[in-house]
Amino acid sequence: MVKRLISANTSEMLAMNGAELKQSIKASEGRVVLSENVVVHEPLDGITTSEIAAAFGADLILLNALDVLNPLILGLYNGEETMATAKAHHDGKTIHDLQKLVGRPIGVNLEPVDPEAKMAEDRLVIPEGRMASEKTLREVEKLGFNFVVLTGNPGTGVTNKQIATNIKVAKDVFSGLVIAGKMHGAGVDEAVVSPEAVETFLDAGADVILVPAVGTVPGFDDAELKEIVKLAHSRGALIMSTIGTSQEGSGSSFIQNIAIRNKVAGVDIQHIGDAAWGIQSPFENIYALSKAIRGERHAIARMARSINR
C-alpha cells in the first residue's frame, strides 16, 4: 500500500507509478489539489509557474501549452526566463529537473484534436507536440511525466470521440496516470460531458475522468456531477473536477463555494486552471481551494513540507 498523497513526502510521491499514484489520491478522500500552469508565459522573478503553485499548496502540477517534442519551460534554467532567451532542451532532463525543483508529480496536457470536428467557433491550430498521438504519448513516457491529461484548450477542436481513441493509445504506451475529459467545449458543438461519453472513456481504460466543476459550464449541475461520480467510482475510476473557464480568477469566496459543492458530490481531485491571468490561478485562490477541501492543518503542511524529505 502507499501513503495518501496529502501526507506524502516528495521522495514517496515521485517514486509512485501510475497505479500507486491513483491509490494515493483515492486514499486522500477528496482532498487533492491540482494546479494547471502555462509554461510559455514569463513567471515572476525568474522562477517557474510550477514552483509558485507548489508553494501555495498544489499536490499535483499540470503543464499547459508544453510542446513535448520541443520541451521549453520558462524560468526552469538560468538565463531562460523569456521566450527570447529560452530554448527547447532535447536531453530528456527537462521534466526530471522540474520535479526536483517542485517536489511534486508533474503532468502535461495533450489535446486529442479531431480534424472532422463540427466546430462552434474558429479552430485554433496547435503544434504537433501539443496534440495527443502515439508519437507524443511515447515522448511523455520518455520524459518521465507522472500523469497525462487528455483534454482540450479553447478552440482546438477536441472531441469526446477522439479523447476515447487516445485513452487506448495512452494505456498502451504510457505507464503513468491517464486523466481524460473536457473542461469546456474546446470549440466543438457537442455536450461537454455526458454519461455516454464517460462510459466510452471508462471502456477505453481512463484512470481518472475529468469533468467541469459545478458552476463553471452552463447547465451542468450537482445532480449530474454526482451521477458521473457514481458511475466512475463503480468502475474503479476516480473523478477530477476542473475550473477551466477563467473563473479561477473569480475570487476566493467563489472558489470555496465551488470546492465544497464538488467535494459533496464526491470528486477525488480538484483542479484549478490557468486562465485567470493566462498563466495560472491567482496564488491566494490555490490556497483558498486547499484550505476549503482539507482544512488549514493539511493546507499548511503541504505548503511547508520540505521537498528534500
Side-chain angles (χ1 to χ4, degrees), residues 1-37 39 43 46-64 66 68 71 73-78 89 91-109 137 139-149 170 173-179 207-208 238 240 268-272 280 283 286-287 289-291 293-309:
M1 297 299 290
V2 295
K3 185 180 287 188
R4 62 186 187 181
L5 196 68
I6 61 168
S7 302
N9 294 321
T10 290
S11 59
E12 295 164 326
M13 290 189 289
L14 295 183
M16 294 177 187
N17 61 28
E20 290 167 338
L21 182 57
K22 180 180 177 180
Q23 180 59 36
S24 182
I25 293 167
K26 182 178 180 180
S28 298
E29 297 182 295
R31 291 177 286 182
V32 172
V33 175
L34 181 150
S35 174
E36 181 178 1
N37 312 293
V39 300
I47 60 176
T48 64
T49 52
S50 298
E51 290 169 87
I52 298 169
F56 280 80
D59 303 292
L60 302 169
I61 304 294
L62 173 61
L63 307 183
N64 194 16
L66 179 74
V68 299
I73 300 174
L74 296 190
L76 180 58
Y77 299 112
N78 290 336
H89 292 261
D91 57 6
K93 297 180 180 179
T94 299
I95 301 309
H96 294 297
D97 288 343
L98 185 62
Q99 288 163 335
K100 290 176 184 177
L101 286 181
V102 302
R104 305 286 195 275
I106 305 292
V108 63
N109 279 335
L137 285 161
E139 197 62 31
V140 167
E141 176 72 12
K142 290 179 185 177
L143 287 168
F145 280 99
N146 304 98
F147 61 98
V148 66
V149 178
V173 303
F174 179 59
S175 60
L177 198 67
V178 177
I179 304 174
D207 299 301
V208 182
L238 305 180
M240 180 170 79
D268 304 283
I269 307 168
Q270 297 217 24
H271 155 289
I272 186 164
Q280 65 184 148
F283 317 130
I286 300 174
Y287 177 64
L289 172 60
S290 174
K291 188 175 178 180
I293 65 174
R294 56 192 177 194
E296 191 171 58
R297 172 193 169 193
H298 289 299
I300 290 176
R302 174 50 71 211
M303 294 166 70
R305 191 180 298 271
S306 172
I307 65 171
N308 294 315
R309 290 183 179 272

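These numbers come from the heavy atoms of this one structure, side chains and all, not from hydrogens, waters or symmetry mates.
- Taking all atoms of both residues into account, the shortest heavy-atom contact from Gly18 to Leu177 is O-CD1, 3.5 Å.
- To the nearest 0.5 angstrom, Ile106 atom CD1 is 12.0 Å from Leu143 atom CG.
- Across Ile307 and Leu101, no two heavy atoms sit closer than the pair CD1-O, 3.3 Å.
- Every salt bridge (charged side-chain N to carboxylate O under 4.0 Å, His left out) that Lys3 has, sequence neighbours left out, goes to Glu12.
- Summarising the geometry, atom CG belonging to Leu66 is positioned 5.0 Å from atom CZ belonging to Phe145; distances are rounded to the nearest 0.5 Å.
- Qualifying side chain to side chain donor-acceptor pair (under 3.5 Å) partners for Asp207, counting only residues two or more places apart in sequence or in other chains: Lys171.
- Closest non-hydrogen pair, Met16 versus Ala8, comes out as CE-CB, 4.5 Å.
- Residue pairs that meet the side-chain hydrogen bond (donor to acceptor under 3.5 Å, both in side chains) test with at least one member in residues 299-309, sequence neighbours left out, are Asn9-Arg305, Asp59-Arg302.
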- request: Decide side-chain contact (heavy atoms from CB on, under 4.5 Å) for Ile61 and Leu98; before the verdict, give the C-alpha distance in whole Å, the side-chain angles of both, and the deciding distance to 0.1 Å.
  value: CA-CA 10 Å; Ile61 304 294; Leu98 185 62; 5.5 Å; no
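- The list of side-chain hydrogen bond (donor to acceptor under 3.5 Å, both in side chains) pairs with a residue in residues 13-33, not counting sequence neighbours, is empty.
- Environment of CG in Asp91: crowded, with over 12 heavy atoms of neighbouring residues, nucleotides or ligands closer than 6.0 Å.
- Under the rule for a ring-ring contact (aromatic ring centres under 6.0 Å, His included), His96 has no partner lying at least two apart in sequence or in another chain.
- No donor-acceptor pair closer than 3.5 Å links the side chain of Arg297 to the backbone N or O of Gly295.
- With rounding to the nearest 0.5 Å, the separation of CD1 in Ile95 from CG in Asn146 is 9.5 Å.
- Residues passing the ring-ring contact (aromatic ring centres under 6.0 Å, His included) test with Phe174: none are found, sequence neighbours excluded.
- Side-chain atoms of Val33 and Gln270, non-hydrogen and from C-beta on, never get closer than 4.5 Å to each other.
- The minimum heavy-atom distance linking Pro105 with Leu21 is given by the pair CG-CD1, 4.3 Å.
- Interatomic distance, Leu62 CG to Glu36 CD, rounded to the nearest 0.5 Å: 4.5 Å.
- Between Ile179 atom CD1 and Met240 atom CE the span is 4.5 Å, to the nearest 0.5 Å.
- Residues Val39 and Thr48 have side chains not in contact (no heavy-atom distance under 4.5 Å, counting atoms from C-beta outward).
- Taking all atoms of both residues into account, the shortest heavy-atom contact from Ile286 to Phe56 is CG2-O, 3.6 Å.
- Separating the CD1 atom in Ile25 from the CD1 atom in Ile6 is a distance of 12.0 Å, to the nearest 0.5 Å.
- Contact record, Gly57 with Ser290: O-OG, 4.3 Å, taken as the closest heavy-atom pair.
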